[in-house]
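Reviewing the structure listed below.
Model, not experiment: these values are computed from the prediction. Note on naming: letters A, B, ... go to the chains in the order of the sequence lines (proteins, then strands), and numbering restarts at 1 for each one. Excluded from the calculations below are hydrogen atoms, water molecules and symmetry mates; all remaining heavy atoms, backbone and side chain alike, are included.
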Amino acid sequence: MPRITLPDGSLRRYDQAPSVAEVAADIGPGLARAALAGRVDGRLVDTDFRISGDAELAIVTARDAEGLEILRHSTAHLLAQAVQELFPGAQVVIGPVIEDGFYYDFAYERGFTPQDLKRIEARMKELARADLPLSHETMARDDAVEHFRSIGERYKAEIIAGIPKDEPITLYGQGGWKDLCRGPHVPSTGRLKAFKLTGTSGAFWRGDSSNEQLRRIYGTAWADSKSLKSYLKRLEEAAKRDHRRIGADLDLFSIQEEAGGGLVFWHPKGARIRRVIEDFWRDRHQRAGYELLFTPHIALEGLWQRSGHAGFYRESMYSPVEDEGRGYQLRPMNCPFHILIYRDRLRSHRELPMRWAELGTVYRREMSGALHGLMRVRGFTQDDAHVFCAEEQIEDEILRILDLALEVFGAFGFEEFSTVLATRPEKAAGAEAIWERATRALESALKRKEMKFALDPGGGAFYGPKIDIKIRDAIGRQWQCSTVQLDFNLPERFGLEYVAADGSRRRPIMIHRALLGSLERFFGILIEHYAGRFPFWLAPVQIAALAITERQEAYARRVSGTLKKAGFRVECDLRSETIGYKIRHHTLQRVPCLLVLGDREEREGAVAVRSLEAGDLGSMPLDDFMARVTAEGLGSLQGISENQLPGGHQYRSKEADSSQRRN
RNA sequence: GCCGGAAUAGCUCAGCUGGUAGAGCAACGCAUUCGUAAUGCGUAGGUCGUCAGUUCGAAUCUGACUUCCGGCACCA
């Protein structure tokens, strides 16, 4: 007499063990149709599972996250079935659920083409329409291995052979086709209504590039076609933010085939943004107690041998350039240079901590297939810094770095982070005790900052533990930017010392840290985060002055001249075009603030303001406009609100000063 | 680097099975002088990614290379 408790607390009694499907049908026909699986006492089961004793039961539908996963998993099976029907000889490998979809790997003599994909998808639709019931059976492990081996599925056989002996092996199948699977699955293929194959790829067996290449097919599956459509829409929207697209449209940067892949050309408008970022960055670093350095881009090979890079980092380094019998190495990192400055003379404990920062351009060999817009390049500028400190200073220094990181990210509109603390790996430099103490210092700093973090045990570099910070952008994607790494190794290799209070020589700890990561990559992230609609303080063109007719040419020049003198980045549009055309043009260029200048404005010494975000804001005297965009934050102008930086510092007006000095 | 795809004007793309290039937008010129997301007309712009090959003839077919795109692997 099983008593079944449902999630709402209600109780149902049965004379004999009912299946999940039967209970669902008892509750209602709608639920029966929607039931994909059951959760019995916390365990996911198929709908034909019989509940023999008292239990808690939840009917799993596509509205549950796990229901959606089951749906996707079953769709992956459907894909495998279709592929094996259409391409005899294709072996199945694995077909897991991933974010928003699934993939299935096959071993096949050739890759699948987009045309193949169409055929496969069509076959999948047929199989779904046929509403084939899914069945499952349990097999002894050795029998299962034998079964798959006998039908030529060598990868499956190998996978099963790797499953612990005592675990039962289940096979799921439909329409005469079978696959190894833990389950559960949807009751019949008719439940699979909204799916689409999205792409193909090569993939390596067991994820190792020295292994055989497999053929992967990606797909997505949803509870209904509406969700599928909205997912595809979401992809489209994300594609519109693509920094490569926007970078070209707004004339921000390019990659030149003639120069080689992975090398970034910053066009004037991109360079303006970079300059604002850099100026801001320098300013905040100086305030935070950093000294700013410049160091060379190449150095003798011997330096890289001493630092160890010539060994463990060789793969990523360009070959040295020979001159007068000596080899010069293009730098892939900045740290050895900062170390040389440290070691240039004897240091006292009174000088510590020393915080040295540099916007250091480095070059790394990246495999051609890895290059991607600004996100993965071969030459890039790190916002690098090295802090040399005593062991007991670590915690405070980490805290200061975290403070600075959050401040800087906040200014760019990033408020959400995910943080990982990575600890000692198997093979590590430095005594265990110091690792222990240093890791505790990192942890304590994170706690004092009240930053949530995940632990990655053994994930640290061999030379020290680290904290990685990922930022979350406007559409929820995460980007790895900051890394804060302790280093017990380089101070050792270079024999760094300082004179302690008691006169003894001691070894400093080194902290490597980058906040934005690389300027190129961060710029790419910024473009996508803002979809090219940069806040006022970053916009390459902040204000466009648009003359309605040629009569206002002199006035438009005067207005833009005044604004330029005040430090704004202004463009003056005197073309013989309609005002509608100019507005459209500068709107598409994402200029945050447009000034429409006609006879009326000229007569009154006024400007008609139109903001990118809020549209027409009406006319106001130029002086008022200037006061409102310069003084108490541009936020007093409705719709232009992102120009004031956190912390009450008005960065733009500082920039105005420096631009006046430049004049 | 690996798998698959792509490369035609600054951009987006057309160009059927081989007969030596076309549109829209952008640019430039002229006309127009206009009030909040596209005024009209005209001009110019291409060794069809590069190099070989097949062919009487190649943007079109073949191969190699380069670059880019989607992934894998790498990176963090």
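- Between B:G70 and A:R244, a contact under 4.0 Å exists linking OP1 or OP2 to a side-chain N or O.
- Within the 4.0 Å cut-off from OP1 or OP2 of B:G4, not a single side-chain nitrogen or oxygen of A:R110 is found.
- At the phosphate of B:G1, OP1 or OP2 sits under 4.0 Å from a side-chain N or O atom of A:S368.
- Residue side chain A:S576 reaches the base of B:U32 through a donor-acceptor N/O pair under 3.5 Å, judged by distance alone.
- Atom-to-atom, CD of A:E257 to C1' of B:U50 comes out at 8 Å; the value is rounded to the nearest Å.
- Across all strands, A:R365 comes closer than 4.0 Å to no nucleic acid atom at all (heavy-atom distances).
- Position along RNA chain B of the nearest nucleotide to A:Q115 versus A:H372 favours A:Q115 as the more 5'-ward residue.
- At the heavy-atom level, A:E577 lies under 4.0 Å from base atoms of the strands shown.
- Distance A:R245 CZ to B:U12 C1': 8 Å, rounded to the nearest Å.
- Using a 4.0 Å heavy-atom cutoff across all strands shown, A:S209 reaches sugar-phosphate atoms only and no base atom.
- By the 30° and 60° cut-offs, the orientation of the rings of A:F534 relative to A:F523 is parallel.
- Among the atoms of the strands shown, none is found under 4.0 Å from any heavy atom of A:Y103.
- Counting any heavy atom pair closer than 4.0 Å across all strands shown, A:I583 reaches a base atom.
- Using a 4.0 Å heavy-atom distance criterion, A:R376 is classed as a base contact.
- Listed candidates were B:C69, B:A27, B:A76. Nearest to the side chain of A:T483 is B:A76.
- Here, B:C51 and B:U8 have their P atoms 16 Å apart, quoted to the whole Å.
- In this structure, A:D249 reaches neither bases nor backbone, as no heavy-atom distance under 4.0 Å exists between it and the strands shown.
- Taking the side chain of A:R610 as heavy atoms from C-beta on, and the options B:G35, B:A37, B:A73, the nearest nucleotide is B:A37.
- The 12-atom threshold is exceeded at CZ of A:R206, counting heavy atoms of other residues, nucleotides or ligands nearer than 6.0 Å.
- Backbone-only contact: A:R575 has heavy atoms under 4.0 Å from sugar-phosphate atoms and none from a base.
- If you take atom C1' in B:A64 and the same atom in B:C11, they sit 30 Å apart, rounded to whole Å.
- Annotation: of the two residues near RNA chain B, A:G580 and A:R216, the 5′-most nearest-nucleotide partner is A:G580.
- OP1 or OP2 of B:C72 lies within a sub-4.0 Å distance of a side-chain N or O belonging to A:Y218.
- Across all strands shown, A:A203 has heavy atoms under 4.0 Å from sugar-phosphate atoms exclusively, and none from any base.
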Report summary line: Encoded 5' to 3' (Watson-Crick or G-U under 3.5 Å; [ ] crossing; | other strand), RNA chain B becomes (((((((..((((.....[..)))).(((((.......))))).....(((((..]....))))))))))))....
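- Summarising the geometry, atom CE belonging to A:M510 is positioned 9.5 Å from atom OH belonging to A:Y463; distances are rounded to the nearest 0.5 Å.
- As judged by a 4.0 angstrom heavy-atom cut-off over every strand, A:G207 is placed among residues touching the sugar-phosphate backbone only.
- Using a 4.0 Å heavy-atom criterion, one finds that A:A608 contacts the bases of the nucleic acid, with or without backbone contacts as well.
- Looking at A:Q478 and A:S418, their side chains come closer than 4.5 Å, going by heavy atoms from C-beta outward.
- Atom CG of A:L371 and atom C1' of B:A73 are 14 Å apart (whole Å).
- In this pair, A:F409 and A:F417 present their aromatic rings tilted. The plane angle is within the 30 to 60° band.
- Among the protein residues, A:D616 comes within range of the nucleic acid bases, having at least one heavy atom under 4.0 Å from a base atom.
- The minimum heavy-atom distance linking A:L490 with A:H512 is given by the pair CD1-CE1, 3.8 Å.
- Among the heavy atoms of the strands lying under 4.0 Å from A:R215 are primed sugar atoms or P, OP1, OP2 only; no base atom is included.
- Listed pair A:Y581 / B:C25 fails the phosphate criterion, with no side-chain N or O lying under 4.0 Å from OP1 or OP2.
- Across all strands, A:G369 comes closer than 4.0 Å to base atoms (heavy-atom distances).
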